[in-house]
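Numbers for residues simply follow the sequence, beginning at 1. Order of appearance sets the numbers: ligands from 1, and atoms from 1 within every ligand. Computed from a predicted structure; not experimentally measured.
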Amino acid sequence: MLNIVIFGPPGAGKGTQSTKIIEKYNLYHISTGDLFRSHIKNDTPLGKRVKSYTENGLLVPDEVTIAMLKEVLEDNKAQVNGFIFDGFPRTVTQAEVLDKFMAENGTAIHAVVALDVSEDELKARIEKRKAIENRADDDQVKLQKRINEYFNKTIHVLPYYHSKGRLIKIDGVGEVDTIFGAITTAIDNASIGK
Ligand code: ADP
């Protein structure tokens, strides 16, 4: 198995790069943001529970997010080549649970690709995306909250993976294909012998 985390603040390009990584390495895409949006759209019990968090730019409580994620992992682990996690883990607790799950299944997170983008560039990108995607959480106030959640809670995931030697920082500003090239080189190096 090859398991990758794609990491970065809102608007860093996680979704764009995930699509390309999946194609190249034939991985199963798990975006917790997409999963939550789908539950909300279908008005499921989970969707009802998380709506006020996601729509206000706040992190969903760990126990809810982790339970949802584990179910998806259990349902798919036997059939896939590996996973790419997009938007997960967002807290150190989530990262620890993910490592434990991988270890229990005889595998690991092989690389954490962190896209580095300045806060000004993030805001400019999301401003553009708003017009296209019409997400409920892309307005100014909610966006600022999401960015704050990232810099208050999620950023601590970086030293966690750094201490385990799995963190790869990539400059997230530039041409999509140039960034993708840097990512694939990093993944190929990280997964040698895995
Ligand atoms: P972003 O563009 O902010 O990276 P996502 O599509 O990944 O957005 O997530 C949208 C929202 O879903 C987040 O603001 C948060 O409320 C919720 N969410 C997604 N993933 C997680 C997670 N791993 N832990 C807690 N909340 C999450």
Query raised in the report: What atoms of ligand 1 come closer than 4.0 angstrom to any heavy atom of T65?
Result: 22 (C), 23 (N), 24 (N), 25 (C)
Query raised in the report: Taking N or O atoms only and a 3.5 Å limit, does G87 qualify as a polar contact for ligand 1?
Result: yes
Report task. Could you check atom 20 (N) of ligand 1 against the protein and tell me its nearest heavy-atom contact, residue, atom and distance included? Result -> T32 OG1, 2.7 Å
Query - Proximity winner for atom 27 (C) of ligand 1, if only heavy atoms of F36, Y150, F7 are counted - result: F36
**Report entry** Atom indices of ligand 1 within 4.0 angstrom of R129 heavy atoms, with elements
**Finding:** 2 (O)
Query raised in the report: Below 4.0 angstrom, N of the basic side chain to O of the carboxylate: do R37 and D34 qualify?
Result: yes
Query - Sole residue of I84, I21, I6, V113 in side-chain contact (heavy atoms from CB on, under 4.5 Å) with K14 - result: I6
Query raised in the report: Taking only heavy atoms of T54, which atoms of ligand 1 are found under 4.0 Å from at least one of them?
Result: 12 (O), 16 (O), 17 (C)
Query raised in the report: Can you tell me if K142 and N56 form a side-chain donor-acceptor pair at under 3.5 Å?
Result: no
Report task. Check whether the side chains of N3 and Y28 place a donor and an acceptor atom closer than 3.5 Å, and report yes or no. Result -> no
Requested in this report: Identify whether the distance between the nearest side-chain nitrogen and carboxylate oxygen of D62 and K153 falls below 4.0 Å.
Outcome: no
Requested in this report: For atom 9 (O) of ligand 1, grab the closest protein heavy atom and report residue, atom and distance to one decimal in Å.
Outcome: G33 CA, 3.5 Å
Report task. For L58, counting its heavy atoms only, list the atoms of ligand 1 lying under 4.0 Å from any of them. Result -> 15 (C), 16 (O)
Report summary line: In ligand 1, the atoms that come under 4.0 Å of a heavy atom of K14 are 4 (O)
Query raised in the report: Under a 4.0 Å N-O cut-off, is there an ion pair linking E127 with K123?
Result: no
Query raised in the report: Are any of the N or O atoms of V60 closer than 3.5 Å to those of ligand 1?
Result: yes
Report task. Could you tell me whether K100 and E104 make a salt bridge, using a distance below 4.0 angstrom between a side-chain N and a carboxylate O? Result -> yes
Report summary line: Among R146, Q94, R90, closest by heavy atom to atom 7 (O) of ligand 1 is R90
Query - Pair Y161-D99, side-chain donor/acceptor within less than 3.5 Å - result: no
Requested in this report: Quick one: look up the protein heavy atom nearest atom 8 (O) of ligand 1 and list residue, atom name and how far away it is.
Outcome: R135 NH2, 3.3 Å
Query raised in the report: Hey, mind stepping through R125 and E121 against salt bridge (charged side-chain N to carboxylate O under 4.0 Å, His left out) and telling me if it holds?
Result: CA-CA 6 Å; R125 288 185 185 180; E121 171 76 15; 2.9 Å; yes
Report summary line: Note: ligand 1 atoms sitting under 4.0 Å from heavy atoms of R37 are 6 (O), 10 (C)
